[in-house]
Amino acid sequence: MATDLEIAVRKVVSTNPATGERLREIDCASPTQVQRVVSRAGEAQPAWAALGLKKRTAILGQFQHLLLEKKVEIATLITREAGKPYVEALLTEVLVVLDATRFLIENAHGFLRPERVPHGGLAMKAKTGHLLREPHGVIGIVSPWNYPFSIPAVEALAALVTGNAVVLKPSEFTSLVGLELASLLHASGVPQAVFQVVVGDGAAGAALLDSPIDKLVFTGSVATGKRVAQAAATRLLPVLLELGGKDPMLVLDDADLEVASSAAVWGAFLNAGQTCLSVERCYVHRSLYEPFLETCVEKTGKLRVGHGLDPETEIGPMIHDRQLRVVEEQVNEAKALGARVLAGGSPLPELGPHFYAPTVLADVTHAMRIMREETFGPVLSVAPFADDEEAIRLANDSDFGLAASVWTRDGQRGEAVARRIVAGTVMVNDTISCFGISEAPHGGVKASGIGRAHGRSGMEEMVRVKYLDTDRLPRVKKVWWYGYGASFARQMEAFIDFQFARGLGKRLKSLPKSAGALLDRKVEAAAHPCRVWHSPKAFSRMRLFLSRIRAASAVPVRWFLWGPEKPQSRTLPSSFPTIS
Ligand code: NAD
């Protein structure tokens, strides 16, 4: 095992995947440094939470302003470090974050406002309940390289606006983008200690998990996600897991061929196929199968592969060798098992170290790894189906469940099919763009993860819910407290029947029984007369309470209010509502 000293001198090398150019070397944070960073964040967090939402949203507004001003610079850095075409960096990273900031500014107040919890149970009507949403404390974020800005930024902004401090461990392949996010946040007014970055590889991620963070938000592969979940379980650390996908695209027999084929090509090749929401499996109705393939091949042939900073480029490089090899292996295996390679099918070393030709495969089957494991490369794998039932069965035949899309001219039919697909998101007649809908939750089922980022659900992940309950009759002992006995048991039976017996007759029948039992319980009441009426405030609350109960049903109020403590000495005003 590496010692602390050894880890401290390790470095990550930021590289341009299109050229192999080394951009910068950065020291990895050692486990001790990670602990220190998290402690510092923990100390700074209470003041950040106490700053108040108004000031925090103002800082988010400043962040939005700065990001807008620096959009070209940020998008260029993303392209240099992650390889994607500049326009994709602008749209899927900068724009997504600008809009997420808009969403948080608009919605954080409503979200954090105490939420009234009305009580339906008759016995609990005298209480008021509220949900309070409080920050966890320090949120650790471990993020991947494929959306190195939008993924950690959206998560961090949701954590910050709700009053948490954040420690981000960006992917070792995109540390510079992570550090740039920190600069932007600090320049906007987020205190240094409230948002910090620890640079490093998996060891730094593991150290963050091992530090006193209060929650971990992890985005990455299923394999790492499982390791993270296991480590988190040992200390019952709450985790949000955003993991891999194998998203199916279902092209029904009435789909617009031209639109669906363009969607398939874009959905499979966006960011060189390195998108968790990529179209990884494309199922096409048999009647459209061959024309669909022809159209896709034609459109794929026109795509320009190259350096992301060239404005003509539509597909950039893959992130690294390892990812390229996964794609090569899966394509080669599919070929060997009978898939037809209609376009691409091999690396493009003449363009640079990590380029792979956009590839169209036909006649793929679920016996092939390319239809079962995440490919995460520029491959459009297409298979035919006979009817909607088969398409749904194929879509659901996967360990993953991140997202899916259904293509049809009939919206209702599309929605009916969508409801039967097991996934976190299903889009009808679009793909991937759900990630850019700031209001929409993002996350998967099955191996694709646990929990949701983005939207209101994303904010929910950043808070602990506290239930606050206040009894409005502070001078009244509860009916269900001690003083048990046979008559009390009958009283309870009748009370339960009064609420839940089937039919109005049975319910009303229980009323006198309950009241009769009540009369038996006078002993304690005589000894401890209830003095609730001596307080005008309590009296007005009682009136409100009674009027609500009366409106709700003909409850045996006397019994319910006083139970074994029926007041002996009180004077009721003539206007007091009585229930017979
Ligand atoms: P990865 O799992 O290799 O790494 C993700 C992060 O985890 C990195 O920062 C890495 O350093 C860190 N890490 C590695 N080992 C760790 C450990 N033991 N403890 C803690 N952290 C550790 O994934 P990747 O290659 O960076 O990203 C690609 C994967 O991410 C794909 O599977 C993709 O589908 C998935 N992804 C999912 C979503 C989503 O929203 N569901 C979004 C983007 C990417």
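Just follow the structure's listing: the first ligand is 1, and inside any ligand the first atom is 1.
Here the shortest heavy-atom distance to atom 16 (C) of ligand 1, taken over D247, T224, L402, belongs to T224. Remark: among candidates P144, G220, A453, C276, the nearest residue to atom 35 (C) of ligand 1 is G220, based on non-hydrogen atoms. Nearest-heavy-atom check against atom 11 (O) of ligand 1 across R322, E172, E155 picks out E172. With atom 8 (C) of ligand 1 as the reference point, the heavy atom nearest to it among G205, S278, S143, G202 is part of S143.
The minimum heavy-atom distance between T219 and E155, with the atom names listed, is OG1-OE2, 3.1 Å.
Near S221, with a cut-off below 4.0 Å to any heavy atom, the atoms of ligand 1 are 1 (P), 2 (O), 23 (O), 29 (C), 30 (O), 32 (O). Near W145, the atoms of ligand 1 lying under 4.0 angstrom from a non-hydrogen atom of the residue are 24 (P), 25 (O), 26 (O), 27 (O).
Looking at T275 against ligand 1, nothing comes within 4.0 Å, counting heavy atoms. Counting heavy atoms closer than 4.0 Å to ligand 1, residue Q323 contributes nothing at all.
Taking only nitrogen or oxygen atoms, main chain and side chain alike, T219 does not reach within less than 3.5 Å of ligand 1. For F218, no nitrogen or oxygen atom sits less than 3.5 Å from a nitrogen or oxygen atom of ligand 1, counting backbone and side chain alike.
Taking the ring axis of F218 as reference, the NZ or CZ atom of K169 does not stay both within 45° of it and closer than 6.0 Å to the ring centre. R133 forms a cation-pi arrangement with F111, by the criterion of a distance under 6.0 Å to the ring centre and an angle within 45° of the ring axis.
For H442, the closest heavy-atom approach to ligand 1 falls below 4.0 Å.
Listed by chain and number, the residues in a side-chain hydrogen bond (donor to acceptor under 3.5 Å, both in side chains) with D397 are H366, R372 (sequence neighbours excluded). Applying the salt bridge (Lys or Arg N to Asp or Glu O under 4.0 Å) criterion to E73, with sequence neighbours excluded, gives K70.
Side-chain N or O atoms of E314 include one that pairs as donor or acceptor with a backbone N or O of R304 at under 3.5 Å.
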